[in-house]
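Below is one structure, written out as structure tokens; the observations come after it.
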There are 2 protein chains.
Amino acid sequence: MSDDTPKKPRGRPQTLDADRVAELAMQAYWHEGPTEVSINALSARAGVSKPSLYRAFGGEDGLTHAALRTYAAQVLAEVLAILDAPDGFEAALEGLVHYASESPLSDPGCLFVKMRAARDRFGPQTRGLIDALADGATAAYAAFLDAARARGEWTGRVPTDLAARYLSAQIEAALARRAAGVPPDEVRAVLSLALSVLTAPDRPDP
Amino acid sequence: MSDDTPKKPRGRPQTLDADRVAELAMQAYWHEGPTEVSINALSARAGVSKPSLYRAFGGEDGLTHAALRTYAAQVLAEVLAILDAPDGFEAALEGLVHYASESPLSDPGCLFVKMRAARDRFGPQTRGLIDALADGATAAYAAFLDAARARGEWTGRVPTDLAARYLSAQIEAALARRAAGVPPDEVRAVLSLALSVLTAPDRPDP
DNA sequence: CAGATTACGTACCAAGTGGTACGCAAGTGA
DNA sequence: TCACTTGCGTACCACTTGGTACGTAATCTG
């Protein structure tokens with residue numbers, strides 16, 4: 001219905017692909033740590049002048065915001081989809097454990113966790129997005145647990161909201177340890193043990 | 001026996017108290033984060049010129065090393081003493097939980113945890129000390145668990161070394177969350193739940 | 001073609017970083 | 001008293017940080 005205003009702009013044609021740069025920034029922040037990558041280095045690596053970056057993103061805050069936004073749409077969404085797995089509660093938990101400890105997707109850790117840890121180094125836009133994503137994540141966990149309880153797949157004695165925060169904290173900690181270089185199987189062992197609080201109220205002994 | 005060579009040095013008398021500066025640096029790194037405090041700011045705050053700092057510590061690496069050393073002797077030692085509490089296994093665990101979640105001693109988090117997280121921003125001296133302290137901590141946890149098992153106070157089905165790493169990871173995560181501003185009682189709730197894996201193999205249900 | 005409009009990058013800015021050259025003050029020993 | 005030794009701080013260094021003023025290249029309109 002709504003045409004997307006195909007009238008050509010008048011001046012010089014734009015050559016900077018903002019999405020490409022945001023993707024590149026996301027990768028850099030993700031793999032090297034958001035506080036380790038300067039705008040200078042980033043613009044050089046992207047083959048784009050600094051003023052062009054400022055024109056496209058309006059400063060460092062806009063850039064980190066765009067990078068995190070890209071990460072959320074591209075990675076976090078996929079992760080949260082694990083919770084909707086049709087194989088039931090324990091399978092979903094196992095999926096989370098796999099993601100947070102072994103998956104190559106989280107080998108460099110999680111950009112969201114890293115940015116959350118350095119929250120007050122960012123501008124207001126980015127901070128807002130961090131908080132929104134955090135709220136969204138715990139809400140998703142809570143909904144996941146509620147649904148599992150309603151379906152009778154989870155009979156935990158722990159209140160749902162505490163369990164949600166617990167889940168969130170443990171996943172976050174595992175991702176942080178992962179990023180710090182702890183070997184995947186050690187991360188998995190600790191995380192599995194931690195989540196056994198949720199899954200095993202009865203004794204797993206023979 | 002060995003006299004400490006009381007012959008006076010020949011030149012100008014030394015006025016810089018290195019221990020005082022190390023203490024001050026430790027406090028600054030601890031409360032504001034080790035990556036947030038520059039040598040410039042530190043020397044100004046200590047009322048000492050920058051060359052004096054370099055003379056006393058030989059560079060940033062020496063300074064962070066001295067600060068962490070001070071922290072280890074002053075804070076970490078006290079914490080590890082909790083493990084030797086004579087009130088038994090559960091009391092010691094409770095002491096750890098209290099320290100990591102509510103104690104004002106860890107309100108700004110733990111300098112060791114913070115420096116460990118930023119490990120590769122430091123020089124070789126500091127890195128070495130970080131690693132040594134990490135090894136020492138997990139060794140202390142392992143010894144603590146071994147002793148408890150030998151005394152029959154702990155009958156956990158979890159292997160001792162895994163339990164030690166688990167304990168270490170959970171305490172570390174709690175301190176990190178604490179430093180990130182999570183309220184103490186929430187940190188406590190999550191940490192208690194996590195450590196219940198170690199204490200309660202049988203069902204706590206009525 | 002001329003003129004308006006737009007995006008581009010060179011070259012700069014002030015501020016802050018870790019680190020140091022060097023002159024001077026404050027003592028000791030002869 | 002005078003040389004000598006030692007610790008001190010002023011004033012600098014090269015470099016990086018986030019951010020911008022401005023001339024210019026490339027396009028559309030008339």
Side-chain angles (χ1 to χ4, degrees), chain A residues 5-22 24-25 28-29 32-68 115 118-127, chain B residues 5-22 24-25 28-29 32-68 115 118-127:
Chain A
T5 60
K7 50 172 145 178
K8 294 183 180 177
R10 289 228 310 168
R12 188 190 223 201
Q14 177 170 321
T15 64
L16 184 147
D17 182 350
D19 290 347
R20 202 207 92 217
V21 173
L24 215 148
Y29 288 143
E32 300 165 39
T35 67
E36 307 297 312
V37 182
S38 71
I39 293 198
N40 289 315
L42 206 52
S43 73
R45 223 176 303 176
V48 169
S49 77
K50 233 180 340 167
S52 290
L53 280 193
Y54 280 85
R55 237 166 274 132
F57 300 99
E60 194 171 35
D61 190 19
L63 222 164
T64 50
H65 175 88
L68 181 53
M115 291 184 73
R119 182 180 178 281
D120 40 290
R121 287 180 80 99
F122 300 107
Q125 274 192 79
T126 309
R127 270 207 289 267
Chain B
T5 61
K7 50 171 143 177
K8 294 185 179 175
R10 292 227 314 167
R12 189 190 221 201
Q14 178 171 321
T15 63
L16 182 148
D17 182 351
D19 289 348
R20 203 206 93 218
V21 174
L24 215 147
Y29 288 143
E32 301 165 38
T35 67
E36 306 297 311
V37 182
S38 71
I39 292 199
N40 288 316
L42 206 52
S43 73
R45 223 177 303 176
V48 169
S49 77
K50 234 185 332 173
S52 291
L53 281 192
Y54 279 86
R55 236 167 274 130
F57 300 99
E60 195 171 35
D61 189 20
L63 191 58
T64 50
H65 176 87
L68 181 53
M115 291 183 73
R119 182 180 179 281
D120 40 289
R121 288 182 77 99
F122 299 107
Q125 276 192 78
T126 308
R127 270 207 289 265

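Lettering of chains follows the sequences in order, A, B, ..., and the numbering in each one begins at 1. All of these numbers come straight from a predicted model, not from anything done at the bench.
- For residues 38-47 of chain B, proximity to DNA chain C is found at B/Ser38, B/Ile39, B/Asn40, defined as any non-hydrogen atom under 4.0 angstrom from a strand atom.
- Proximity of A/Phe57 to A/Val21: side-chain heavy atoms (C-beta onward) are separated by under 4.5 Å at one or more points.
- At whole-Å resolution of the value, CD in B/Glu36 and P in C/dT17 are 11 Å apart.
- A sub-4.0 Å separation between OP1 or OP2 of D/dC8 and a side-chain N or O of B/Ser49 is absent.
- Within the model, atoms CZ of B/Arg127 and OG1 of B/Thr64 stand 10.0 Å from one another, a figure rounded to the nearest 0.5 Å.
- In this structure, A/Arg121 places its CZ atom 12 Å from P of D/dT17, rounding to the nearest Å.
- When every heavy atom of B/Asp61 is checked against every heavy atom of B/Gln125, the shortest pair comes out as OD2-N, 3.0 Å.
- Applying the side chain to side chain contact (heavy atoms under 4.5 Å, CB included) test between B/Glu60 and each of B/Leu53, B/Thr126, B/Ile39 identifies B/Ile39 as the sole match.
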Practice prompt. Report, as a single string ordered 5' to 3', how protein heavy atoms within less than 4.0 Å touch nucleotides 21-30 of chain C: B base, S sugar-phosphate only, - not at all.
Written response: B---BBBSS-
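- At least one side-chain nitrogen or oxygen of B/Thr15 sits closer than 4.0 Å to the OP1 or OP2 atom of D/dC8.
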Practice prompt. Report the C-alpha separation of A/Thr35 and B/Arg121 in whole Å, then their side-chain angles, then the decisive distance to 0.1 Å, and conclude whether the side chain to side chain contact (heavy atoms under 4.5 Å, CB included) test is met.
Written response: CA-CA 11 Å; A/Thr35 67; B/Arg121 288 182 77 99; 4.2 Å; yes
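- For the pair B/Tyr29 and B/Leu42, the minimum side-chain heavy-atom distance is below 4.5 Å.
- Considering CZ of A/Arg55 and OG of A/Ser49, their distance stands at 6.0 Å, rounded to 0.5 Å.
- When the P atom of C/dG19 is taken as reference, atom CG of B/Leu63 falls 10 Å away, rounded to whole Å.
- Considering all non-hydrogen atoms of both residues, B/Ala46 and B/Arg20 come closest at O-NH2, 2.9 Å.
- C/dG9 atom P lies 15 Å from atom OH of A/Tyr54, rounded to whole Å.
- Between B/Leu16 and B/Lys50, the residue anchored closer to the 5' end of DNA chain D is B/Leu16, taking for each the nucleotide with the nearest heavy atom.
- Of all non-hydrogen atoms in B/Ala56 and B/Leu16, the two that sit nearest each other are CB-CD2, 3.8 Å.
- Atom CZ of B/Phe57 is separated from atom P of C/dG18 by 15 Å (rounded to the nearest Å).
- Going from atom CG of B/Leu53 over to atom C1' of D/dT10 covers 15 Å, rounded to whole Å.
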